[in-house]
Amino acid sequence: MNKVLVCRGASGRIVEVEAYVGAVDPASHAYRGKTQRNETMFGPPGHLYVYFTYGMHWCANAVCDEEGVGTAVLLRALAPIDGCEAMRRRRPKARRPIDLCSGPAKLCQALGIAGQDDCADLVDSEGGIQIFDSGTPPPTSPGQSRRIGLSKGVEWPWRWFVEGDPNLSRQGSGEAAGSHPTASSASKIT
DNA sequence: TCTGCGATAATA
DNA sequence: ATTATCGCAGAC
């Protein structure tokens, strides 16, 4: 969350991520071992793992662990920095700025990321895609919650986000990291 | 503003 | 059958 993603004339600060942890994580594409689709996840770190889902959406991850492990971080939301014109062209359905990158498939569409970018190197930017340290320190106390949209592995609180950022895929902090609802769930009522 | 549902096709 | 989602329609 101190990182910036740059791609095809647009950029944004990464404000929301989820971890998918190889063989121990039933929600991870890597859980059942290497296949043609998830091959990039098992490759060297610093590359982009791009997958197609729900018959229409692309989503992107940064591969994070050593070759052969299969751990990656799903990029779930960006705070747009530059290239809002280009992003709006690629996402005509976005009405407001916060509709541009407030979701894993939205940000891919906004930045023009699709299957052709699977396995792109994020460090040397040869493929036109780059993730670099913005110099802005990450939040001292980032928000944390359970991951979104899963039916397996729901108990692991492996979603992190910049608390209060308007570009999150879901507003607010989600639920507390613990296994049970806490007093925080009641705060919404008052 | 909020909720529920349908789209749409690769994957295992 | 399931899916690491999104956007529309309808209720309020």
Side-chain angles (χ1 to χ4, degrees), chain A residues 1 3 5 12 14-43 45 47-65 69-80 87-120 122 129 131 142-162 166-175 177 185 187-190:
Chain A
M1 288 179 276
K3 301 282 194 286
L5 174 61
I14 298 169
V15 295
E16 178 183 342
V17 296
E18 284 176 358
Y20 288 85
V21 188
V24 304
D25 180 3
S28 171
H29 291 169
Y31 185 56
R32 286 156 208 242
K34 193 198 280 187
T35 66
Q36 193 169 45
R37 174 217 218 178
N38 66 21
E39 195 175 356
T40 301
M41 271 188 103
F42 289 91
H47 289 247
L48 198 66
Y49 166 51
V50 181
Y51 69 90
F52 187 65
T53 192
Y54 286 101
M56 61 189 97
H57 299 301
W58 296 99
C59 297
N61 301 249
V63 177
C64 290
D65 217 322
V69 178
T71 292
V73 164
L74 173 67
L75 308 176
R76 288 198 56 92
L78 305 178
M87 291 196 267
R88 205 173 311 223
R89 273 199 305 277
R90 289 184 284 239
R91 268 185 63 67
K93 286 170 186 173
R95 304 216 148 265
R96 318 176 314 177
I98 63 167
D99 299 322
L100 287 171
C101 296
S102 54
K106 293 179 190 177
L107 72 88
C108 283
Q109 192 181 13
L111 299 199
I113 294 172
Q116 79 259 357
D117 302 307
D118 184 41
C119 208
L122 296 169
I129 308 177
I131 291 179
Q144 185 175 11
S145 77
R146 280 140 91 124
R147 295 174 292 181
I148 293 173
L150 307 182
S151 62
K152 304 167 199 160
V154 292
E155 62 268 36
W156 282 282
W158 288 339
R159 170 178 177 249
W160 290 272
F161 51 92
V162 176
N167 297 281
L168 298 180
S169 65
R170 307 239 169 134
Q171 218 15 283
S173 55
E175 51 201 294
S185 9
S187 65
K188 203 172 183 178
I189 302 172
T190 63

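In the text below, chain A, chain B and the rest are named by the order of the sequence lines, each starting its count at 1.
Considering only side-chain N and O atoms, S151(A) lies nowhere under 4.0 angstrom from the phosphate OP1 or OP2 of dT2(C).
In this structure, N61(A) places its CG atom 11 Å from P of dT5(C), rounding to the nearest Å. We find that CH2 of W158(A) is positioned 14 Å from C1' of dA4(C), with the value rounded to whole Å. The interatomic distance linking L150(A) (CG) with dT2(C) (P) rounds to 15 Å, in whole Å. The nearest whole Å value for the distance from the CZ atom in R159(A) to the C1' atom in dA4(C) is 12 Å. As rounded to whole Å, 11 Å separates atom P of dT5(C) from atom CZ of R147(A). Atom CD1 in I148(A) sits roughly 8 Å away from atom P in dT5(C) (whole-Å rounding).
Interatomic distance, K106(A) NZ to C59(A) SG, rounded to the nearest 0.5 Å: 12.0 Å.
For the side-chain hydrogen bond (donor to acceptor under 3.5 Å, both in side chains) test, no residue two or more places apart in sequence or in another chain qualifies with N61(A). Applying the side-chain hydrogen bond (donor to acceptor under 3.5 Å, both in side chains) test to R90(A) and every residue at least two apart in sequence or in another chain returns nothing. For E39(A), the side-chain contact (heavy atoms from CB on, under 4.5 Å) partners at least two apart in sequence or on another chain are K34(A). Residues satisfying the side-chain contact (heavy atoms from CB on, under 4.5 Å) test with R96(A), not counting sequence neighbours, are I98(A), D99(A). Checked against side-chain contact (heavy atoms from CB on, under 4.5 Å), K152(A) has the following partners two or more places apart in sequence or in another chain: P26(A), R32(A). R37(A) pairs by the side-chain contact (heavy atoms from CB on, under 4.5 Å) definition with H29(A), T35(A), Y49(A), Y51(A), not counting sequence neighbours. Partners of F52(A) according to the ring pair (Phe, Tyr, Trp, His ring centres under 6.0 Å) rule, which considers only residues two or more places apart in sequence or in another chain, are W58(A).
Within the 3.5 Å criterion, the main-chain N or O of V50(A) finds a donor-acceptor partner in the side chain of D118(A).
Among all heavy-atom pairs drawn from N167(A) and P97(A), the shortest one is OD1-O, 4.2 Å. Closest approach of A105(A) to H57(A), counting heavy atoms only: CB-CB, 3.6 Å.
Taking a pair as Watson-Crick or G-U wobble with both distances under 3.5 Å, the runs of three or more consecutive pairs in DNA chain C are B:1-7 with C:5-11, B:9-11 with C:1-3.
Screening residues 15-28 of chain A for side chain to side chain donor-acceptor pair (under 3.5 Å), with sequence neighbours left out, gives E16(A)-R76(A), E16(A)-R159(A), E16(A)-S169(A), E18(A)-Y20(A), D25(A)-R147(A).
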Taking N or O atoms only and anything under 3.5 Å, show me the protein contacts with nucleotides 6-9 of chain C, one pair per line.
residue: dC6(C); atom: OP1; partner: P104(A); partner atom: N; Å: 3.3
residue: dC6(C); atom: OP1; partner: A105(A); partner atom: N; Å: 3.0
residue: dC6(C); atom: OP1; partner: K106(A); partner atom: N; Å: 3.1
residue: dC6(C); atom: O4'; partner: H57(A); partner atom: NE2; Å: 3.2
residue: dG7(C); atom: OP1; partner: R91(A); partner atom: NH1; Å: 3.0
residue: dG7(C); atom: OP1; partner: R91(A); partner atom: NH2; Å: 3.0
residue: dG7(C); atom: OP2; partner: R91(A); partner atom: NH2; Å: 3.4

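In the 5' to 3' direction, nucleotides of DNA chain B lying under 4.0 Å from heavy atoms of chain A begin and end at dA7(B) to dA12(B).
For the contact set between residues 32-41 of chain A and DNA chain B, defined by any heavy atom under 4.0 Å, the members are T35(A), R37(A).
Looking only at side-chain heavy atoms (C-beta outward), L78(A) and I14(A) come within less than 4.5 Å of each other.
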